[in-house]
Amino acid sequence: GAVLDVRRSGGSVEVDLMDGGEFVAYADRTPTGVAVCRTQGGDVNKGAWEQVDFERDAATGHLIVTLPAGMRCTLRLDW
C-alpha cells in the first residue's frame, strides 16, 4: 500500500497507509514493538491498536510487516 503520511513523536514513528499488504522499510535497529490501527473514517483515534509480528534482516536493515490487504491503517513503530 501507498504511504499517505509519516509522523515522528518521541520514540515512535506512525505511518498512514492507503492499504495493507507487505510494508518494507529500512531500520538501522530493531523496533521494540510494531502495532497497527485500522482507521475508521480516516481517524486513527477511533480505532484500537493491535501488536503485529514483524521481521528485520540485520544484514540489510529491511524491516518487513505483512498486513491484511484491503484495510486503510496506521502502522506504529516503537523504539
Side-chain angles (χ1 to χ4, degrees):
V3 173
L4 299 173
D5 193 20
V6 177
R7 294 174 301 286
R8 292 177 178 87
S9 177
S12 296
V13 174
E14 291 184 358
V15 181
D16 294 336
L17 300 171
M18 177 63 88
D19 193 4
E22 189 170 80
F23 173 82
V24 180
Y26 172 79
D28 61 354
R29 58 197 159 128
T30 302
T32 57
V34 176
V36 65
C37 182
R38 296 173 193 239
T39 57
Q40 296 179 6
D43 186 352
V44 71
N45 296 313
K46 292 183 179 176
W49 290 100
E50 300 173 31
Q51 293 294 314
V52 292
D53 293 330
F54 64 92
E55 298 176 37
R56 180 177 172 274
D57 184 317
T60 64
H62 290 162
L63 175 70
I64 302 167
V65 182
T66 303
L67 302 166
M71 68 177 233
R72 186 169 175 173
C73 60
T74 297
L75 192 62
R76 186 182 70 219
L77 311 168
D78 298 313
W79 279 276

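For the numbers below, each heavy atom of this structure counts, side chains included, while hydrogens, waters and symmetry mates do not.
Atom CG of D57 and atom NE2 of H62 lie 7.5 Å apart (nearest 0.5 Å).
No side-chain heavy atom of L17 sits less than 4.5 Å from a side-chain heavy atom of M71. Contact of the V65 side chain with the L75 side chain is registered, since non-hydrogen atoms from C-beta on lie closer than 4.5 Å. Side-chain contact check for R38 versus P68: some heavy-atom pair is nearer than 4.5 Å. By the 4.5 Å heavy-atom criterion applied to side chains, L63 and Y26 are not counted as neighbours.
Heavy atoms only, all atoms of each residue included: F54 and V34 are closest at CD2-CG2, 3.3 Å. Closest approach of A69 to D19, counting heavy atoms only: C-OD1, 3.5 Å. In this structure, Q51 and A35 approach most closely via the heavy-atom pair NE2-CB, 3.7 Å.
For the pair R7 and D16, the salt-bridge criterion is met [side-chain N within less than 4.0 Å of a carboxylate O].
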How far apart are the C-alpha atoms of V13 and V6, what are their side-chain angles, what is the distance that settles it, and do they pass the side chain to side chain contact (heavy atoms under 4.5 Å, CB included) test?
CA-CA 7 Å; V13 174; V6 177; 3.8 Å; yes

Does the pair W79 and L77 meet the rule for a side chain to side chain contact (heavy atoms under 4.5 Å, CB included), with working shown?
CA-CA 7 Å; W79 279 276; L77 311 168; 3.6 Å; yes

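Taking Ile, Leu, Val, Met, Phe, Trp and Tyr as hydrophobic and joining them when side-chain heavy atoms fall under 4.5 Å apart, one finds V24 in a cluster with I64.
Contacts of D78 classified as side-chain hydrogen bond (donor to acceptor under 3.5 Å, both in side chains), with partners at least two apart in sequence or in another chain: S12, R76. With sequence neighbours excluded, no residue satisfies side-chain hydrogen bond (donor to acceptor under 3.5 Å, both in side chains) with T66.
More than 12 heavy atoms of other residues, nucleotides or ligands sit less than 6.0 Å from atom CG of D28.
Although no hydrogens or angles enter the test, the distance criterion places no donor-acceptor pair under 3.5 Å between the side chain of R8 and the main chain of E14.
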